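Note that the numbering runs from 1 along the sequence shown for the chain. Bear in mind that the values here come from a model prediction, so they are computed numbers and not experimental data.
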Amino acid sequence: MSARTDRTLLLIGSGPGIGRATASQFAAKRYNHVALIARNLQGDHLEEDRKAVQAASHPDVLVRTYACDVADTEAFLKTLNAVEADLGTVECIYFNPARIFPQPVLEHDLAEINYDWKITCAALYTTAQWGIPKLIDLAKADSTAKPALLVTQTLIYLDPYLPYFALSMVKSAQRNLVQSLAKAYTQQGVHVGVVTVGGIVRPHKEKLNPTYIAAQTWEWFSQPKDKQTFEVVIMEDDPANYY
């Protein structure tokens with residue numbers, strides 16, 4: 001088994017919160033190739049993300065961005081293949097897409113729920129179909145690699161948050177999918193796990209802020225392989241700060 005000099009992080013669902021902070025933390029600690037995927041609907045935030053990740057890491061780190069709606073399976077697969085062609089074998093996939101906006105129960109359009117399901121569950125399934133065989137091969141080929149599929153999760157699978165009831169639904173289904181993937185592939189050398197964020201993320205919060213979440217995610221992820229766990233839970237000490 002031989003170690004590689006290039007290590008690639010693929011972050012799906014980039015943005016100014018958890019996505020950008022996690023990519024920055026991981027690039028600073030381990031990865032010299034970083035791919036950022038997002039729909040990029042608000043101005044040019046992908047370029048802002050790229051600059052932030054570059055600034056947080058070594059100047060030699062290569063950061064590339066890809067604008068794509070992950071709900072469009074054909075376009076998404078083309079983008080995933082482009083990432084591999086541009087940056088080589090992906091070692092860590094971090095899946096972070098979600099839409100957060102008011103969702104009145106029984107007034108929320110069914111088409112919106114279906115779209116959220118495509119983003120949160122169907123796109124993750126597509127990611128796993130594409131990526132997990134590659135991660136298994138990497139685990140066999142490189143004993144120093146940390147092949148992983150990590151997913152941002154929340155506690156609303158336990159107790160739906162009414163203003164975001166549709167998000168609660170799809171996130172519950174997503175967690176079930178990740179648990180199934182973990183049962184199927186953890187023993188084949190792939191770290192499948194969830195980063196459970198216990199409330200709404202805000203920059204001013206003590207623990208539920210992007211920088212703290214990213215640091216805790218890295219600490220959890222970077223454990224030796226024999227100590228890897230399925231989940232890290234990040235919460236405020238005071239439950240009143242969850243939302």
Side-chain angles (χ1 to χ4, degrees), residues 3-70 75-100 119 123 127 130-131 134-135 138 142 144-152 191 193 195 197 201-205 207-223 232 234:
R4 296 164 300 120
T5 56
D6 291 329
R7 300 202 180 277
T8 300
L9 167 71
L10 168 57
L11 192 136
I12 305 166
S14 188
I18 291 174
R20 182 188 296 176
T22 300
S24 297
Q25 181 79 10
F26 278 44
K29 296 292 188 179
R30 180 176 178 88
Y31 296 97
N32 63 337
H33 289 172
V34 179
L36 305 175
I37 296 178
R39 287 188 299 163
N40 205 34
L41 295 180
Q42 298 178 352
D44 197 17
H45 83 69
L46 263 175
E47 177 59 16
E48 294 174 2
D49 292 347
R50 186 195 68 77
K51 290 178 179 178
V53 174
Q54 194 74 70
S57 57
H58 191 275
D60 290 339
V61 171
L62 176 60
V63 185
R64 291 202 173 181
T65 61
Y66 303 81
C68 177
D69 183 351
V70 300
F76 185 36
L77 280 171
K78 287 181 180 179
T79 301
L80 293 174
N81 288 329
V83 169
E84 185 176 45
D86 291 342
L87 300 178
T89 301
V90 172
E91 180 182 274
C92 179
I93 303 171
Y94 192 102
F95 190 88
N96 184 57
R99 295 197 307 164
I100 302 175
I119 291 173
T127 301
W130 176 86
K134 302 175 189 297
L135 296 175
L138 179 59
D142 183 358
T144 69
K146 295 179 70 69
L149 172 60
L150 313 178
V151 181
T152 304
H191 183 191
V195 178
V197 180
V201 178
R202 295 283 188 267
H204 68 274
K205 291 186 176 181
K207 294 183 177 179
L208 291 179
N209 70 77
T211 301
Y212 184 86
I213 291 168
Q216 292 299 300
T217 299
W218 172 258
E219 182 176 334
W220 164 74
F221 168 71
S222 62
Q223 294 297 309
V232 58
I234 303 167

If you look at every heavy atom in [X] and [Y], which pair is closest and at what distance?
{"X": "A38", "Y": "H45", "answer": "CB-CE1, 3.7 Å"}
{"X": "E219", "Y": "S222", "answer": "O-OG, 3.3 Å"}
{"X": "T8", "Y": "L87", "answer": "OG1-O, 2.9 Å"}
{"X": "S24", "Y": "A56", "answer": "CB-CB, 3.6 Å"}
{"X": "V70", "Y": "A123", "answer": "O-CB, 3.6 Å"}
{"X": "V83", "Y": "A35", "answer": "CG1-CB, 3.6 Å"}

For this session: Dump the intermediate steps for side chain to side chain contact (heavy atoms under 4.5 Å, CB included) on D142 and T89, then the final yes or no.
Result: CA-CA 12 Å; D142 183 358; T89 301; over 6 Å; no

Quick check: do [X] and [Y] have side-chain heavy atoms less than 4.5 Å from each other?
{"X": "L80", "Y": "I37", "value": "yes"}
{"X": "V53", "Y": "Y31", "value": "no"}
{"X": "L11", "Y": "V34", "value": "no"}
{"X": "H33", "Y": "E91", "value": "no"}

[X] side-chain N/O to [Y] backbone N/O, donor-acceptor pair under 3.5 Å:
{"X": "D49", "Y": "G15", "answer": "yes"}
{"X": "Q54", "Y": "V61", "answer": "yes"}
{"X": "N32", "Y": "R7", "answer": "yes"}
{"X": "S14", "Y": "L36", "answer": "no"}
{"X": "K146", "Y": "Q223", "answer": "yes"}

If you round to the nearest 0.5 Å, how far is [atom2] of [Y] from [atom1] of [X]?
{"X": "I234", "Y": "I213", "atom1": "CD1", "atom2": "CD1", "answer": "5.5 Å"}
{"X": "R39", "Y": "L46", "atom1": "CZ", "atom2": "CG", "answer": "11.5 Å"}
{"X": "L135", "Y": "L149", "atom1": "CG", "atom2": "CG", "answer": "7.0 Å"}
{"X": "T79", "Y": "W130", "atom1": "OG1", "atom2": "CH2", "answer": "10.5 Å"}

Problem set entry | Electrostatic pair E47:R50 at N-O distance under 4.0 angstrom |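 Yes, this pair counts.
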
Exercise. Of K134, R64, K78, which meets salt bridge (Lys or Arg N to Asp or Glu O under 4.0 Å) against E84?
Worked result: K134

Exercise. So among T217, T22, N96, which one has a side-chain hydrogen bond (donor to acceptor under 3.5 Å, both in side chains) with T152?
Worked result: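 Of T217, T22, N96, side-chain hydrogen bond (donor to acceptor under 3.5 Å, both in side chains) with T152 is met by N96 alone.
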
Problem set entry | L10 and Y66: CA distance, side-chain angles, deciding distance, side chain to side chain contact (heavy atoms under 4.5 Å, CB included) verdict | CA-CA 11 Å; L10 168 57; Y66 303 81; over 6 Å; no

Problem set entry | CA sep, side-chain torsions, deciding dist, call: K207, Q216, side chain to side chain contact (heavy atoms under 4.5 Å, CB included) | CA-CA 9 Å; K207 294 183 177 179; Q216 292 299 300; over 6 Å; no

Exercise. Among all residues two or more places apart in sequence or in another chain, which pass the ring-ring contact (aromatic ring centres under 6.0 Å, His included) test with W220?
Worked result: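 Only H191 meet the ring-ring contact (aromatic ring centres under 6.0 Å, His included) criterion with W220.
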
Problem set entry | Partners passing ring-ring contact (aromatic ring centres under 6.0 Å, His included) against F221 (at least two apart in sequence or in another chain) |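 Counting only residues at least two positions away or on another chain, F221 forms a ring-ring contact (aromatic ring centres under 6.0 Å, His included) with F26, W218.
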
